[in-house]
Amino acid sequence: MSIIQEAATYLLEAEETKTVIKPLTVVYPEITVDEAYYTQLEIIRRKVANGGIIVGKKIGATSKAIQNMFGVTQPDYGHLLADMMYVEGEEISLADYIQPKVEFEIAFILKKDLKGPNVSILDVIAATDYIVPAIEVIDSRIEDWKIKFEDTVADNGSSACAIIGGKPTKLAGLDLTHIGMVAYQNGEMIDSGAGAAVLGNPLRSVAWLANSLGKYDVSLKSGEIILSGALTRAVEVKDNDTFTAEFAHIGTVTAKFKR
C-alpha cells in the first residue's frame, strides 16, 4: 500500500472515531507536499464514492495571525462537501468534532469555472456571482494541533464545516481590502480585522487557490462556494458558544454550538 493510501486511511479512521492521532509528518516523516495533497484527494475520492458531493473549496492560513498560530508559512487548501455546510440558525453539535475552532471569512459564490495556471484577480472578479460572510469551523485530527504544512494539507486543510450568512452582495463598487469585520463570542467582542489580512486582498487569495489547484488538474467550478481565508486568528469553540461576525457592506453571520 502506498503512503497516500495509508495516510488517507489513517486520517479517515481518526475522523470517524473522533480520536486524535500523531502528525503524519511523524508517522511518515518522508511525506512530501505533493503526497500530502494526493492524500487529501484520495480522502475526498473515497467520500464521494460513498455519496459525498463536492460543493466548494476552502483556503487556509492566508493571514499572518493564522500562520503564526499554527506555525506554517504559506496558505493551504481543502474541499467542502455538502454535508459540511450549515444554514445560519442551525445549532451545530460539537459531538461531531474533535478540537474545533472558528474562523471568520468572506465566501465567494462562483458563476464561472476558474482553473489555473495564470488566473488573475480580474478573472476572479469576472467569475464571481456574489459574496457572503461565512464562519468556517476548522478541526484537526492531529493531536493538539501540532501540525506542519503537510499535515494540514493531507487533512483536507483542517476543515470541518462552514456556516453561510449575510446577504448575497455583488462585487461592483466594493473594495474588499477595506471591508471591516468585528467578531463576537457570546455577545462580547473578541477580535476585528479587514479583508487586507487575506493575502492583501481576498480576490488574490481566490486566484492563488485556482492557480495552486490547477497543478493537480482541479478546477473551481461554477456554483461552488469558495472560503477565501480568515480575517483574524482562529478561536476555540466551547459548549454553548455563539459566534457572530459583522462585516461592513455584506452583513452578518452567526453560528451556535452545543455539546
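- Ion pairing between a basic and an acidic side chain is recognised when a charged N comes within 4.0 Å of a carboxylate O; E224 and K57 show such pairing.
- Using a 4.0 Å cut-off between charged side-chain N and carboxylate O, R45 and E42 make a salt bridge.
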Check against salt bridge (charged side-chain N to carboxylate O under 4.0 Å, His left out), D139 and K101: CA-CA 6 Å; D139 196 13; K101 301 176 186 288; over 6 Å; no

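- Under the 4.5 Å side-chain criterion, counting only non-hydrogen atoms from C-beta, R46 is in contact with T9.
- Heavy atoms from other residues, nucleotides or ligands lying under 6.0 Å from NZ of K18 number more than 12.
- Side-chain contact, D76 with T152: a donor N or O sits under 3.5 Å from an acceptor N or O.
- Two rings, from Y37 and Y77, have their centers less than 6.0 Å apart.
- Side chains of S205 and S228: no donor on one and acceptor on the other come within 3.5 Å.
- Side-chain contact annotation: T32 with D34, donor-acceptor N/O pair under 3.5 Å absent.
- Across A8 and T39, no two heavy atoms sit closer than the pair N-CG2, 3.6 Å.
- Residue M189 shares its hydrophobic cluster (ILVMFWY side chains chained together at separations under 4.5 Å) with V182, Y184.
- Residue-environment remark: CD (E188) stays at or below the threshold of 12 foreign heavy atoms within 6.0 Å.
- One hydrophobic cluster, built from ILVMFWY side chains closer than 4.5 Å, holds both L171 and V198.
- When each of L231, T244, T232 is paired with F104, the side-chain contact (heavy atoms from CB on, under 4.5 Å) condition holds for T232 and for no other.
- The residues D151 and R141 are annotated as not salt-bridged, no charged nitrogen and carboxylate oxygen being separated by less than 4.0 angstrom.
- Atom NZ of K256 sits in a sparse spot, with 12 or fewer heavy atoms from other residues, nucleotides or ligands closer than 6.0 Å.
- In this structure, CZ on R204 lies 12.5 Å from CD1 on I59, to the nearest 0.5 angstrom.
- Hydrophobic clustering (side-chain heavy atoms under 4.5 Å, transitive across Ile, Leu, Val, Met, Phe, Trp, Tyr) keeps V26 apart from L24.
- When the side chains of ILVMFWY residues are joined at heavy-atom separations under 4.5 Å, either directly or via intervening members, L122 and W208 end up in a single hydrophobic cluster.
- Defined by atom type and a distance below 3.5 Å, a donor-acceptor pair is missing between the side-chain atoms of T242 and Q185.
- Between K258 and N240 the shortest side-chain heavy-atom distance falls below 4.5 Å.
- The heavy-atom pair separating P202 from L176 by the smallest distance is CD-CB, 3.9 Å.
- Counting heavy atoms of neighbouring residues, nucleotides and ligands inside a 6.0 Å radius, atom NZ of K215 does not exceed 12 of them.
- Taking CD of E15 as the reference point, atom CD1 of I21 lies at 10.0 Å (rounded to 0.5 Å).
- Remark: the N118 side chain and the N211 side chain contain no N/O donor-acceptor pair separated by less than 3.5 Å.
- In this model, a donor atom of one side chain and an acceptor atom of the other lie less than 3.5 Å apart for D123 and S120.
- Salt-bridge formation is not detected for the pair D83/K47: no Lys NZ or Arg NE/NH1/NH2 atom is positioned less than 4.0 Å from an Asp or Glu carboxylate oxygen.
- When all heavy atoms of D113 and K221 are compared, the pair lying nearest together is OD1-CA, 3.3 Å.
- Once rounded to the nearest 0.5 Å, the distance linking CD1 of I226 with CG of L110 reads 5.0 Å.
- By the 4.5 Å side-chain criterion applied to Ile, Leu, Val, Met, Phe, Trp and Tyr, I54 is assigned to a cluster that also includes I44, V48, I53, V55, L80, L81, M84, M85, I109, Y130, V132, I164, I225, L227.
- The CZ atom of F243 lies 11.5 Å from the CD atom of E103; values are rounded to the nearest 0.5 Å.
- Atom NZ of K58 sits about 11.0 Å away from atom SG of C161, to the nearest 0.5 Å.
- Residue K170 holds its NZ atom at 11.0 Å from CD1 of I131, rounded to the nearest 0.5 Å.
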